[in-house]
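Working notes for the structure below.
Quick note: residue numbers are just sequence positions, from 1.
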Amino acid sequence: MLWCAFLKLCTLQFSHCRMLAIDLHSYVCIHCFFVLLSILDFLFRFPGFDLGLFLDTVACCLTRPLACLLDSVFACRFFSSQIMEIIFPSLFFFHLRKKRMEKVDKPFNNGKQVKRRKCQKIKMFRDRVTLVDLTDTEIKDRYRLNTVEILSLYDVLKVNLCKPTKRSHAIPGLVRLLLALNFFAKGDFQSCIAVIGGVSQSSCSRSLDEVLKAIMLVYKSYVYFPSDSSYLNTVKGKFYEIGGFPNIVGIIDCTHITLCPPADLEHIYRNRKSSHSINVQLVCSFNLKFVDIVAKFPGSSHDSYILSNSSLSERFQQGEFKDSWLLGDCGYPLKTWLMTPVWRPKNAKEKNYNRVHATTRCIIERAFGILKSKFRCLDITGGSLLYSPEKVCYIVVACVVLHNIIIQRVQNDVCEIQPACEENTDLQMHVDQNEAIITRNDLIQRFF
């Protein structure tokens, strides 16, 4: 009906407008007004046309001419059907203009915010990272593992990485694993890792969390300390070949991983070097593989305190590793199952003991160097980890798991079984400090 009224109004002659005391200027404006309506009818045929914006523009342009028209109509005091056909369309557009201005001026309606329609953006999906386009050298440089090791690890973790979803472009589980491996190897910011992986920074952060949680569920399959006699005899023989130290099944030490501490617990994470860190206890075997890890104590904790509160100490005290010792530095107390250097050696045998002790114990220092050079996120040269202490501990465990996978590729865990030296089998283990000193002195007199 409204369009019919517009068409009738177009047939009005200038004489009718003259009868209504409408000047020529207003008459031209009215005709221009209906030309715009014809354009509107044409534009309606195109998708994405914003009617509200068009009406707003038209109402702003014709405010003054329509006001003059209404003043002239009411001045003549004569209302005919032709007059009403002019007034109704005019009032219609002024009503639309008023409603739109109310929404702009009052974004809140009865205390509730008015939701305005937003233009839908076209989603752009980047090309996700794959192993197909990379050479073996590039894969090892970027992820530290080769293709076979990455796919084997993915087979173990994919149960927890691949979750059901209805998204059309969901991030595959392998891409999430590659994002995490790239972060462990390089220690870069997540924004840089996301660009390489073809995802957003938020998606990279979520992928890192999911990979860490998945690794924490299976890390004991990669970091474990066997207690069977065949394994222990093999390890004792290999350690004896390195430096001549008998009955050694592992070397224990701690290393610090720097982090940005919580503001309210800053003093707890401050270590002896006045930096903030997590103190991580590790035990390595003869082949640089880590067999035990404790990553939960702040940097202010002493090495001996961490050992006394670990499950490894309980296993040795309960006699699970019979006639076997750990090797530690001066930061640990001397125990019947933990051999430390002699403080201020007095004779040649004690000096020889300290020399062999240092030669054998340097294996764990090499293991620390390899771990932090392979995974730069743990090294101080890569900066402090900007994560919560709990997440930093997860990152350390994940890097140790990856370190063991690399060591497994380089050399086998268990070599040909060789018996340990028979002349130390009669050494008995004791429980107090005095007996521990006697045990070490007996060891020095027999072998050094």
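Here Glu390 pairs with Tyr394 under the side-chain hydrogen bond (donor to acceptor under 3.5 Å, both in side chains) rule; sequence neighbours left out. Scored by the salt bridge (charged side-chain N to carboxylate O under 4.0 Å, His left out) test, Arg366 finds no partners at all (sequence neighbours excluded). Contacts of Arg128 classified as salt bridge (charged side-chain N to carboxylate O under 4.0 Å, His left out), with partners at least two apart in sequence or in another chain: none.
Summarising the geometry, atom OG belonging to Ser313 is positioned 9.5 Å from atom CG belonging to Leu326; distances are rounded to the nearest 0.5 Å. Note that OG of Ser324 is 11.0 Å distant from CZ of Phe239, once rounded to the nearest 0.5 Å. Separation of atoms CG (Asp303) and CD (Gln281) is listed at 8.0 Å; rounding is to 0.5 Å. Note that CG of Leu177 is 13.0 Å distant from CD1 of Ile171, once rounded to the nearest 0.5 Å. A distance of 15.0 Å separates NE2 in His403 from OH in Tyr222, rounded to the nearest 0.5 Å. Here Lys391 contributes atom NZ and Asp209 contributes atom CG; the two are 3.5 Å apart, rounded to the nearest 0.5 Å.
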*asked:* Please determine whether side chain to side chain contact (heavy atoms under 4.5 Å, CB included) holds for the pair Ile139 and Asn146, giving the CA-CA distance in whole Å, both sets of side-chain angles, and the decisive distance to 0.1 Å.
replied: CA-CA 6 Å; Ile139 291 175; Asn146 57 31; 5.6 Å; no

*Could you check Phe290 against Asn404 for side chain to side chain contact (heavy atoms under 4.5 Å, CB included), going step by step and ending with a plain yes or no?*
CA-CA 7 Å; Phe290 294 110; Asn404 284 354; 3.9 Å; yes

_side chain to side chain contact (heavy atoms under 4.5 Å, CB included) for Leu208 and Tyr387? Distances and angles first, verdict last._
CA-CA 12 Å; Leu208 179 60; Tyr387 301 98; 4.0 Å; yes

*Given the rule in the ring pair (Phe, Tyr, Trp, His ring centres under 6.0 Å) test, do Phe245 and Phe286 qualify, once you have shown the distances and angles that lead to the verdict?*
CA-CA 12 Å; Phe245 211 113; Phe286 66 93; over 10 Å; no

*Please assess Ile370 against Leu288 for the test side chain to side chain contact (heavy atoms under 4.5 Å, CB included), listing each intermediate value before the final yes or no.*
CA-CA 9 Å; Ile370 294 174; Leu288 305 177; 3.4 Å; yes

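Scanning all heavy atoms of the two residues, the minimum distance from Pro333 to Thr340 falls at O-CG2, 4.0 Å. Heavy atoms only, all atoms of each residue included: Leu232 and Ser227 are closest at CD1-O, 3.6 Å. The shortest non-hydrogen separation linking Ile363 to Ser285 is CG2-O, 3.7 Å. For Phe297 against Ile278, the heavy-atom pair with the smallest separation is O-CG2, 3.5 Å. Between Asp379 and Lys372, the shortest heavy-atom contact is CB-O, 3.7 Å. Shortest non-hydrogen contact noted between Lys346 and Glu350 is N-OE1, 2.7 Å.
Looking only at distances, a side-chain donor or acceptor of Ser310 sits under 3.5 Å from a matching main-chain atom of Leu307. Formation of a donor-acceptor pair under 3.5 Å by the His357 side chain with backbone atoms of Met339 is found in this model. In this structure a side-chain-to-backbone donor-acceptor pair under 3.5 Å is present from Glu138 to Thr135. Within the 3.5 Å criterion, the main-chain N or O of Tyr305 finds a donor-acceptor partner in the side chain of Ser308. The backbone N or O of Asn182 sits nowhere less than 3.5 Å from a side-chain atom of Arg142 that would complete a donor-acceptor pair. Judged purely by atom type and a 3.5 angstrom limit, Trp325 uses its side chain to pair as donor or acceptor with the backbone of Thr336.
Looking at heavy atoms from C-beta onward, Tyr231 lies in side-chain contact with Val291 at the 4.5 angstrom threshold. Annotation: side chain of Leu386 is in contact with side chain of Phe189 (closest heavy-atom distance under 4.5 Å). Residues Lys186 and Asp141 form a side-chain contact, since some pair of their non-hydrogen atoms from C-beta on lies under 4.5 Å apart. Proximity of Lys289 to Val223: side-chain heavy atoms (C-beta onward) are nowhere separated by under 4.5 Å. Residues Pro172 and Val175 have side chains in contact (heavy-atom distance under 4.5 Å, counting atoms from C-beta outward). Counting heavy atoms from C-beta on, the side chains of Pro298 and Pro389 never come closer than 4.5 Å. Two residues are said to be in side-chain contact when any heavy atoms from C-beta on lie closer than 4.5 Å; Ile406 and Phe375 meet this criterion. Two residues are said to be in side-chain contact when any heavy atoms from C-beta on lie closer than 4.5 Å; Tyr143 and Leu134 meet this criterion.
Neither side chain, Lys322 nor Ser229, offers a donor N or O lying under 3.5 Å from an acceptor on the other. Neither side chain, Ser275 nor Arg270, offers a donor N or O lying under 3.5 Å from an acceptor on the other. Side-chain contact of Ser203 with Ser200: a donor-acceptor pair under 3.5 Å is present, judged by distance alone. Looking at Gln201 and Ser191, their side chains never bring a donor and an acceptor atom within 3.5 Å of each other.
The salt bridge (charged side-chain N to carboxylate O under 4.0 Å, His left out) pairs that include a residue from residues 244-260 are Asp253-Arg361, where partners are two or more places apart or lie in different chains. Residue pairs meeting the salt bridge (charged side-chain N to carboxylate O under 4.0 Å, His left out) criterion with at least one partner in residues 213-226, sequence neighbours excluded, are absent.
Counting non-hydrogen atoms of other residues, nucleotides and ligands closer than 6.0 Å to CG of Asp136 gives a total of 12 or fewer.
Checking each of Ile251, Val283, Ile252, Asp329 against Ile364 for a side-chain contact (heavy atoms from CB on, under 4.5 Å) leaves exactly one that passes, namely Ile251.
Relative ring orientation between Phe321 and Phe225 is described as tilted, the plane-to-plane angle lying within the 30° to 60° band.
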What donor-acceptor contacts under 3.5 angstrom involve side-chain atoms of residues 256-264, with partners at least two apart or in another chain?
from   : atom 1 : to     : atom 2 : distance (Å)
His256 : ND1    : Ser277 : OG     : 2.8

